[in-house]
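Okay, so here's the structure we're looking at.
Quick note on labels: first sequence line is chain A, next is B, and so on, each numbered from 1.
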Amino acid sequence: MDIKAVREDFPLLKEYGDIAYLDNAATTQKPYFVIEAEKNFYERENANPMRGLYELSQRATDIYEKARESVRDFINAKSTKEIVFTRNATESLNLLAYSYGELLEEGDEIAVTVVEHHSNLIPWQQIAKRKGLAIRWIECEDDGTISEEALKKAISDRTKIVAMTQISNVLGIENDIKKYARIAHEAGAIFVCDGAQSVPHIFVDVEELDVDFLVFSGHKMLGPMGIGVLYGKEKYLEKMPPFLFGGEMIEYVTREDSTWNELPHKFEAGTVNAAGATGLMAAIDYYKRLGFSNIIERENYLSRFAYNILKDIPEVNILGSRDADMHHGIFSFTVDGVHPHDIAEILSSDGICVRAGHHCAQVLMQHMKTMSTARASIAFYNTEEEIERFAESLSTLRRRMGYVK
Amino acid sequence: MSNSFYREIINDHNLRPAHKHELDGANLTLRGVNPSCGDDITLKLLVEDDVVKDGAYTGDGCAISQASADMMLDLVIGKTKDEALDLYRLFDRMIKNEATEEEIEKLEEAGSLIDVSHMPARVKCAVLGWRTMSNMLEGE
Ligand SMILES: Cc1ncc(COP(=O)(O)O)c(C=O)c1O
């Protein structure tokens, strides 16, 4: 991969050549093609999709549906009926909790892991409170991985849903989703996979994994903000009630009641984000242009490169696995005696962007007995030079915070 | 904190705080927390005849939250309640970039936190100790 040429595709990276953007797990930068696709939609295709019978509206509808097909193909779903566009992974999970939650009964159980992002946790916690369901916690190992035993311990014959992230946004570890989905199915539960951190960085094939639902956000995979995806097996989406009501999601309305549109429109109430979907399609095209396997190879390489430098800085403690390949470019760390916010601030003054805080994973933070960490996360367009600068800046931190050494 | 002179003052209060300890005779105690970043301090004051006779804090958090509490105590110990509350309001205005240079001088070393006015993400850290003190004194 010609990384110089690749960086030329990203207007922001060109504009701010001197900053090292290492917060890719929060959101990625956008290639020119994505920005152009959104712009082009508004300049040339804009009309309300699915509403007008005139040609422009038909074109807007076509491009929106083409984007759906491109997402279907990307994750290898059977049908575009199984691809629901939402705003982001969070909205997809709320949709699921509200709608699938309606099918559950008092005493039913939902198993979630302690490493989950708040968006794969609070929707379940709150539906559980409203409907009298029980949350069962799946504990993690020291490195953050979920063992088969821990999963089995948390499920019973009352378990209806198992919700698990494929890659942790804090520790970067990957769970064996294929195996765990099978275990959930054997127990009679459905399996919800949070793909927010995995879909952008590893091959995710819903048929191969046999998950019942998969959620992810466009903005973490080079796409625009405000477009996300809920994949669901058709048989489940069919029996779920709508989440939001209004235009587009209905079939027939009378004063007394309404019937619902077919999938996936049943779950897409109101005017959709067609420009965002177009941008997401452009992002997927960009993945293909570079070659997803080339991207993965480069990210694995950078991940190892970063780990090997970071592990040799004595005052830096990397959380989670000691195996570089288990990190998927995500490194949560602490620096002895320096609060994570101070780490992020000083790195920022050196032009390095990292995140500090609880990373929307307070249950995991409590489990690890810490309040917050700093986190650097890598994408293929990062460079060795950026990672070296980051490490150099890190090794000056203690001195700059006033420690003698 | 771009200015390294200010940085040094803050580092010094963070690493070698004068007031970070227990205070047995305290008659006011209040905990202040920033849930989003985990700054957590417990402020203790001894207030008699409307005068802050002594004060101390414990807890942990980022350098700014800890140093700010320490510098605040440097300033308010020995002051009347009203003076301490006035200083709180002045500090708050400085952080909002509303105070004049002359006014900021009254804050002594706490004036070194002026840079925080350009760092919205750190405002909560800087005012944590101050807000806790004002809640205590006003609640009294
Ligand atoms: C693992 C994981 N799940 C869910 C989310 C939520 O994504 P969004 O904020 O785009 O809805 C994130 C990102 O913050 C994440 O890292």
I'd like to know whether Ile64(B) forms a side chain to side chain contact (heavy atoms under 4.5 Å, CB included) with His341(A), so could you lay out the CA-CA distance, the side-chain angles of the two residues, the decisive distance to 0.1 Å, and finally the verdict.
CA-CA 9 Å; Ile64(B) 290 181; His341(A) 277 156; over 6 Å; no
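- For a residue to count as touching a neighbouring chain, one of its non-hydrogen atoms must lie under 4.5 Å from one of that chain's; by this rule Asp40(B) does not touch chain A.
- For Ile343(A), no part lies near chain B; criterion is any non-hydrogen pair under 4.5 Å.
- Annotation for Asn97(B): atom CG counts as buried by contact number, over 12 foreign heavy atoms lying within 6.0 Å.
- At most 12 heavy atoms of other shown residues, nucleotides or ligands fall within 6.0 angstrom of atom CZ in Arg322(A).
- For the set Cys125(B), Ala63(B), Cys62(B), Ser65(B), the count of heavy-atom pairs under 4.5 angstrom toward chain A peaks at Cys62(B).
- Heavy atoms of other residues, nucleotides or ligands lying less than 6.0 angstrom from NZ of Lys124(B) number 12 at most.
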Evaluation steps, side chain to side chain contact (heavy atoms under 4.5 Å, CB included), between Gln66(B) and Asp342(A):
CA-CA 12 Å; Gln66(B) 304 299 298; Asp342(A) 296 315; over 6 Å; no
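- At least one side-chain heavy atom of Asp39(B) sits less than 4.5 Å from a side-chain heavy atom of His339(A).
- The number of heavy atoms from other shown groups lying within 6.0 Å of CZ (Arg89(B)) is above 12.
- Within a 6.0 Å sphere centred on CG of Asp312(A), heavy atoms belonging to other residues, nucleotides or ligands number more than 12.
- For the pair Asn34(B) and Met371(A), the minimum side-chain heavy-atom distance is 4.5 Å or more.
- Ion pair Arg7(B)/Glu345(A) flagged as a salt bridge, since at least one NZ, NE, NH1 or NH2 atom sits closer than 4.0 Å to an Asp/Glu carboxylate oxygen.
- Rounding to the nearest 0.5 angstrom, the gap separating the CG atom in Asn11(B) from the CZ atom in Arg398(A) is 11.5 Å.
- Within residues 354-367 of chain A, the residues having any heavy atom less than 4.5 Å from a heavy atom of chain B are, in residue-number order, His358(A), Gln362(A).
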